[in-house]
Amino acid sequence: MRPVIYQIFTRLYGAKGRSPRPWGGSSVNGCGTLADIDTKALAHIRDMGFTHLWCTGLIRHATCSHFDEVPDCNPRVVKGLAGSPYAITDYYDIDPDLAVHSERRRDEYLALVRRVHRAGLRLVIDFVPNHVSREYHSICCPAGVTDLGADDDKSLSFAPSNNFYYINNECLHTDHLPVHDYAALAPEWQEFPARATGNDVFHAWPGANDWYETVKLNYGIDYATGTRHFDPIPDTWLKMTDILLFWASTGVDAFRCDMAEMVPVEFWHYAIARVKEQYPGVEFIAEVYNPELYRSYIHFGGFDYLYDKVGLYDCLRDVMCSHRWAGEITHAWQATDDIRSHMLAFLENHDEQRIASPQFAADARRGMAGMIAAVAVCRGPVMIYAGQELGEPALDAEGFSGLDGRTTIFDYWTVDSLRRTRLGCLNAEESVLRSFYARLLSACNQSEALRDGELYDLMYVNPPSPTFDAQHVYVCLRHSARELLLIAANFSDHPQSASVIIPQEAFNHIGISPTSSSQSFADLLSEYQLSTPLSPNIPINLSLPAFSGVIMRHER
């Protein structure tokens with residue numbers, strides 16, 4: 001099966017607050033729980049065509065909320081009331097916000113794993129390897145596990161056996177960082193010696209735009225000298241590998257590894273091999289943004305999939321916003337052609353702005369052509385962020401997150417489009433958009449050619465002309481032993497007619513004979529059908545809806 005991933009921000013997915021307000025707590029703004037990901041919700045996700053469910057924010061992280069079962073956090077080193085899910089306070093614990101009964105949160109998590117698997121889905125969780133909360137302390141680790149930093153020699157700025165980096169003889173300075181009303185009465189955060197901040201700030205004055213709530217983990221690289229100390233195996237390697245094995249033992253099917261490129265590839269080579277030795281089916285997805293590292297993190301590191309952010313995402317975003325021509329999609333996929341089956345395509349996730357937001361495309365319909373093109377050129381996984389299929393515009397200023405075109409990861413909030421989905425109260429536009437996504441995503445595995453067929457790009461033989469708008473239309477073929485797909489994505493705001501040429505070279509490459517007799521094509525996305533000759537001498541005339549496109553299937 002081609003992985004089709006549905007990312008939910010777990011705290012937001014089932015939240016039911018009817019009138020959330022900025023900086024509000026969970027009692028007013030709502031907070032989803034693991035129980036909200038119930039059998040009905042999972043069936044809904046599966047029936048949309050998804051194969052994987054990524055539950056973001058499962059592991060316990062820094063928060064301003066109080067729970068009797070866990071230590072309180074200092075609000076001065078927490079972002080937002082709810083806190084960032086990437087400031088982990090205990091790698092072995094479940095976030096108590098997500099439990100109906102916080103004292104039974106592990107049992108509720110294991111029940112979720114069983115529900116996900118019974119629904120025929122695979123469970124993805126975050127692994128955050130580069131940094132932890134400044135208040136990290138495990139209360140749920142197995143017997144015999146030593147806490148991160150417990151045995152560090154804090155007199156040394158770097159030691160291969162240390163878990164953290166230290167700034168000698170300096171306190172961490174946080175008095176210049178933003179303090180909101182809820183944190184004003186909290187005591188100053190005391191840290192001596194200061195530790196390096198998660199985004200590679202190796203001094204004691206992290207700024208407001210830094211990851212000041214986190215500390216960087218030491219994998220054996222001395223950043224002062226550039227030297228690497230991997231023999232003997234650093235203590236951090238051993239501890240983090242054990243954490244991966246712990247979660248794999250609970251039934252996790254895949255790990256989305258946060259900022260994987262900030263951790264040396266040698267660690268991944270070591271850790272992934274050990275996890276797959278015991279759990280061969282576990283998949284690893286890497287957040288890597290430097291194209292020069294892609295092949296190393298796949299071939300040596302052992303990752304199954306990497307985010308296609310700098311290439312395909314950036315290109316599609318520009319085409320959707322009319323900043324680039326559609327023909328540049330060809331260059332985007334060609335840059336990773338040799339590893340294309342390892343590249344994960346997306347247009348939204350928790351880090352990126354919503355398609356429908358004013359900061360992106362201001363119209364959710366513009367995402368339809370982008371997703372058609374992404375599915376067409378990508379041979380690896382496809383990912384959707386919950387609410388994307390509804391046109392969620394992210395128009396809320398939720399609190400710490402502010403009005404930035406993103407759905408908050410720091411605040412308690414109820415996303416209205418998701419709330420109304422659970423109630424069956426979508427409006428007409430949302431229902432149409434959701435139907436489009438269901439057809440497209442289901443086709444990813446129902447169609448043999450989309451699932452594991454080959455790509456043949458047609459842009460080189462369809463230059464700008466009165467009958468083909470190469471600025472706004474992208475065309476290609478996907479083909480397999482039994483299927484030929486003619487795919488066209490129209491990025492313009494009006495319907496188009498496109499005369500598409502399929503060259504003789506394509507017939508030779510695919511292994512089909514041209515014919516002047518009419519052949520039947522049916523669109524996988526609509527009821528549109530076409531009868532046309534299949535010949536290099538006769539263009540195929542397509543009718544393309546605005547902001548969308550067609551996937552015309554011909555049975556070979």
Side-chain angles (χ1 to χ4, degrees), residues 7-15 25-26 29 31-34 54-99 102 105-106 108-109 112 124-141 147-149 163-164 180 182-183 186 189 191 195 197-199 206 210-217 239-240 243-244 246-247 250 252 255-259 262 287 349-351 398-401 406-413:
Q7 181 194 3
I8 65 172
F9 196 84
T10 316
R11 182 202 304 148
L12 302 180
Y13 180 70
S26 59
N29 288 4
C31 184
T33 68
L34 303 179
W54 170 17
C55 292
T56 305
L58 283 185
I59 299 176
R60 180 158 66 86
H61 56 79
T63 179
C64 293
S65 295
H66 169 78
F67 297 93
D68 291 339
E69 296 79 19
V70 301
D72 287 336
C73 298
N74 187 315
R76 292 180 182 269
V77 284
V78 178
K79 289 183 176 177
L81 275 181
S84 168
Y86 297 101
I88 300 295
T89 49
D90 188 344
Y91 276 120
Y92 290 96
D93 200 1
I94 291 292
D95 181 27
D97 255 328
L98 304 180
S102 57
R105 57 193 180 278
R106 177 174 168 80
E108 293 185 28
Y109 158 74
L112 170 67
V124 186
I125 73 167
D126 290 281
F127 177 57
V128 188
N130 177 68
H131 49 270
V132 295
S133 164
R134 291 204 175 269
E135 297 181 277
Y136 184 89
H137 170 58
S138 179
I139 61 173
C140 293
C141 59
D147 221 5
L148 287 166
N163 298 136
F164 298 122
H180 300 279
Y182 68 89
W189 172 249
E191 184 175 294
R195 292 171 293 174
T197 298
N199 59 322
D210 290 316
W211 306 346
Y212 60 81
E213 80 280 26
T214 69
V215 288
K216 185 173 180 65
L217 286 168
K239 287 176 175 169
M240 300 304 279
I243 290 162
L244 287 166
F246 169 82
W247 288 107
T250 69
V252 168
F255 294 97
R256 178 268 186 190
C257 300
D258 183 70
M259 295 308 299
M262 297 183 76
E287 187 182 20
N349 62 43
H350 67 278
D351 285 322
E398 306 99 333
F400 186 90
S401 183
R406 299 174 178 85
T407 297
T408 182
I409 66 171
F410 305 106
D411 307 283
Y412 294 107
W413 199 256

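Note that the numbering runs from 1 along the sequence shown for the chain.
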Testing the basics here: between [X] and [Y], what is the closest heavy-atom pair and its distance to 0.1 Å?
| X | Y | answer |
| --- | --- | --- |
| Tyr109 | Thr250 | OH-OG1, 2.6 Å |
| Pro96 | Phe67 | CG-CD1, 3.7 Å |
| Arg76 | Ala186 | NE-O, 2.8 Å |
| Met259 | Glu287 | N-OE1, 2.8 Å |
| Arg105 | Val70 | NH2-CG1, 3.5 Å |
| Glu108 | Ala99 | OE1-CA, 3.3 Å |

Determine yes or no for a side-chain-to-main-chain donor-acceptor pair under 3.5 angstrom, with [X] supplying the side chain and [Y] the backbone.
| X | Y | answer |
| --- | --- | --- |
| Glu135 | Asn74 | yes |
| Arg406 | Ser401 | no |
| Glu398 | Thr408 | yes |
| Asp411 | Gly80 | no |
| Asn163 | Gly149 | yes |
| Thr197 | Lys216 | no |
| Asn349 | Asp351 | yes |

Looking at side-chain heavy atoms only, is the closest gap between [X] and [Y] below 4.5 Å?
| X | Y | value |
| --- | --- | --- |
| Val132 | Val215 | yes |
| Ser84 | Glu213 | yes |
| Asp147 | Cys141 | no |
| Trp54 | Asp126 | yes |
| Thr63 | Thr89 | no |
| Ser65 | Leu81 | no |
| Thr407 | Phe9 | no |

Under the side chain to side chain contact (heavy atoms under 4.5 Å, CB included) criterion, do Phe255 and Ile125 qualify, and how do the steps go?
CA-CA 5 Å; Phe255 294 97; Ile125 73 167; 4.0 Å; yes

Give, for atom [atom1] of [X] and atom [atom2] of [Y], the distance between the pair rounded to the nearest 0.5 Å.
| X | Y | atom1 | atom2 | result |
| --- | --- | --- | --- | --- |
| Thr33 | Asp95 | OG1 | CG | 11.5 Å |
| Leu98 | Leu112 | CG | CG | 9.5 Å |
| Phe164 | Tyr136 | CZ | OH | 8.5 Å |
| Lys79 | Ser133 | NZ | OG | 11.5 Å |
| Asp90 | Ile59 | CG | CD1 | 9.0 Å |
| His61 | Arg11 | NE2 | CZ | 4.5 Å |

Carefully, step by step, assess Tyr86 and Asn130 under the rule side-chain hydrogen bond (donor to acceptor under 3.5 Å, both in side chains).
CA-CA 10 Å; Tyr86 297 101; Asn130 177 68; over 6 Å; no

For the residue pair Tyr91 and Phe127, does the interplanar ring angle fall in the parallel (under 30°), tilted (30 to 60°) or perpendicular (over 60°) class?
tilted

Is the His131 ring parallel, tilted or perpendicular to the Trp211 ring (thresholds 30°, 60°)?
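Tilted, since the angle between the ring planes falls between 30° and 60°.
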
Met240 vs Leu217, side chain to side chain contact (heavy atoms under 4.5 Å, CB included): CA-CA, chis, key distance, verdict
CA-CA 10 Å; Met240 300 304 279; Leu217 286 168; 3.9 Å; yes

